[in-house]
Amino acid sequence: MKKVNDKKLLNHYLKTNKISSLFSNNYNDSFELFYFQKNEFIIQQGYESKYLFFLVDGTARFICLTESGALIPFGIASDLVVFGEIASLHQQDPDASVQAISEVYCLGLSLEANREKILNDNKFLRYVIDILSEKVQSLDRSITAFLSATITERLASYLLQVNNNGKLNVTVKNCADSIGGSYRHTNRVFSLFVEEGALKKINGKYFIVNSDILLKHCKQNNFNI
């Protein structure tokens, strides 16, 4: 995470995303601009955030680490959304993580300086209730799908989420850990995808060359997280 000291860019994001419309009070002078590299965590499960973060540029994913060690992705955000809203406001450790899957810019609002003011901002709290409801429904659907899906379906969906213009910056082991499969089984599915023409391996790296084949695997049992 890097703080960006660019007032002009900060004001641009405030204006284009109409951040002030989410609040009853004016916080424009309190916002700070932050940059996150790809794969960097914006919110990390188990660690209290000192900021409310508003995604204004880039793409991030929501992920949850289960007690069994499986990493379940349950949504992607590329439009304006707030991260860390409930746990951070109440000084609790979040139950899920938010990870950048591209370069990301977020507007941050310090909770140390603004917590009480925000907790008394009814307009913003109504907004939080709406997005929390959407997240809970998304997580419920994803966990149900994850538990009933095959390793092939899980891997196909996972690869569709984490690729960067077709390039996969993940190893077979990374994928096995993330989808709750064994290394051997996951490696066999990678080989299957190569044989089917969905993936191509170049210099030890995998690339998606036909996403429709992967998508077909996800849709076989209506699984797409």
Side-chain angles (χ1 to χ4, degrees), residues 1-23 27-28 30-65 71-89 94-111 114 118 124 127-128 130-132 134-135 137-139 142 157-171 174-175 178 205-208 211 214-215 218 224-225:
M1 180 176 75
K2 177 182 177 182
K3 184 177 177 181
V4 180
N5 294 309
D6 187 331
K7 191 70 174 178
K8 184 177 180 180
L9 185 59
L10 185 152
N11 287 332
H12 165 74
Y13 284 131
L14 284 170
K15 183 177 180 179
T16 57
N17 290 277
K18 299 179 181 179
I19 299 294
S20 61
S21 68
L22 304 177
F23 298 93
Y27 300 89
N28 284 1
S30 300
F31 275 104
E32 302 169 62
L33 182 61
F34 293 92
Y35 167 80
F36 295 86
Q37 294 180 338
K38 182 180 178 180
N39 296 324
E40 193 172 0
F41 283 99
I42 302 168
I43 300 291
Q44 192 161 6
Q45 185 174 340
Y47 295 89
E48 179 189 345
S49 175
K50 303 301 181 184
Y51 285 83
L52 282 181
F53 288 111
F54 295 77
L55 175 68
V56 291
D57 197 353
T59 304
R61 65 170 181 162
F62 301 98
I63 51 179
C64 181
L65 183 66
L71 193 63
I72 304 177
F74 62 96
I76 289 179
S78 56
D79 298 317
L80 176 65
V81 66
V82 60
F83 301 138
E85 65 286 347
I86 295 300
S88 301
L89 278 172
D95 294 327
S97 297
V98 181
Q99 185 181 33
I101 56 176
S102 70
E103 293 185 329
V104 163
Y105 284 91
C106 286
L107 294 172
L109 189 59
S110 169
L111 289 168
N114 298 283
I118 294 171
F124 180 70
Y127 167 70
V128 167
D130 289 341
I131 60 174
L132 181 61
E134 291 176 6
K135 287 181 181 179
Q137 291 178 38
S138 178
L139 181 57
S142 296
S157 182
Y158 183 72
L159 296 181
L160 287 170
Q161 290 194 61
V162 301
N163 82 91
N164 183 15
N165 295 320
K167 185 178 181 181
L168 294 165
N169 295 312
V170 291
T171 66
N174 293 152
C175 292
S178 296
K205 296 285 187 180
Y206 286 97
F207 296 81
I208 296 177
S211 59
L214 296 179
L215 190 58
C218 297
N224 188 19
I225 58 177

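Just so you know, these numbers use all the heavy atoms, side chains as well, and skip hydrogens, waters and symmetry mates.
Here the shortest heavy-atom pairing between Cys106 and Val104 reads SG-CG1, 3.7 Å. When all heavy atoms of Phe53 and Gly108 are compared, the pair lying nearest together is CD2-CA, 4.1 Å.
For Phe62 and Phe83, the gap between ring centers is short of 6.0 Å.
With sequence neighbours left out, Lys38 forms a side chain to side chain contact (heavy atoms under 4.5 Å, CB included) with Asn164, Asn169. Residues passing the side chain to side chain contact (heavy atoms under 4.5 Å, CB included) test with Leu10 are Leu14, Leu33, Leu107, sequence neighbours excluded. Scored by the side-chain hydrogen bond (donor to acceptor under 3.5 Å, both in side chains) test, Tyr105 finds no partners at all (sequence neighbours excluded). Every residue meeting the side-chain hydrogen bond (donor to acceptor under 3.5 Å, both in side chains) condition with Thr171, not counting sequence neighbours, appears here in chain and number order: Asn174. Remark: Asn17 engages Tyr13, Ile19, Val56, Leu80 in a side chain to side chain contact (heavy atoms under 4.5 Å, CB included) (not counting sequence neighbours). Qualifying side chain to side chain contact (heavy atoms under 4.5 Å, CB included) partners for Asn114, counting only residues two or more places apart in sequence or in other chains: Tyr27, Ser30, Leu109, Ser110, Ile118. Scanning for ring pair (Phe, Tyr, Trp, His ring centres under 6.0 Å) contacts around Tyr206 gives Phe190, with sequence neighbours left out. Partners of Phe31 by ring pair (Phe, Tyr, Trp, His ring centres under 6.0 Å), not counting sequence neighbours, listed by chain and number: Phe54. In terms of the salt bridge (Lys or Arg N to Asp or Glu O under 4.0 Å) criterion, residue partners of Lys3 (sequence neighbours excluded) are, by chain and number, Glu32.
The environment of OH in Tyr47 is sparse: at most 12 heavy-atom neighbours from other residues, nucleotides or ligands sit within 6.0 Å. Around NZ of Lys18, the count of heavy atoms belonging to other residues, nucleotides or ligands within 6.0 Å does not exceed 12.
Here Leu159 contributes atom CG and Cys218 contributes atom SG; the two are 9.0 Å apart, rounded to the nearest 0.5 Å.
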Could you go step by step and tell me if Phe23 and Tyr127 meet the ring-ring contact (aromatic ring centres under 6.0 Å, His included) rule?
CA-CA 9 Å; Phe23 298 93; Tyr127 167 70; 8.1 Å; no
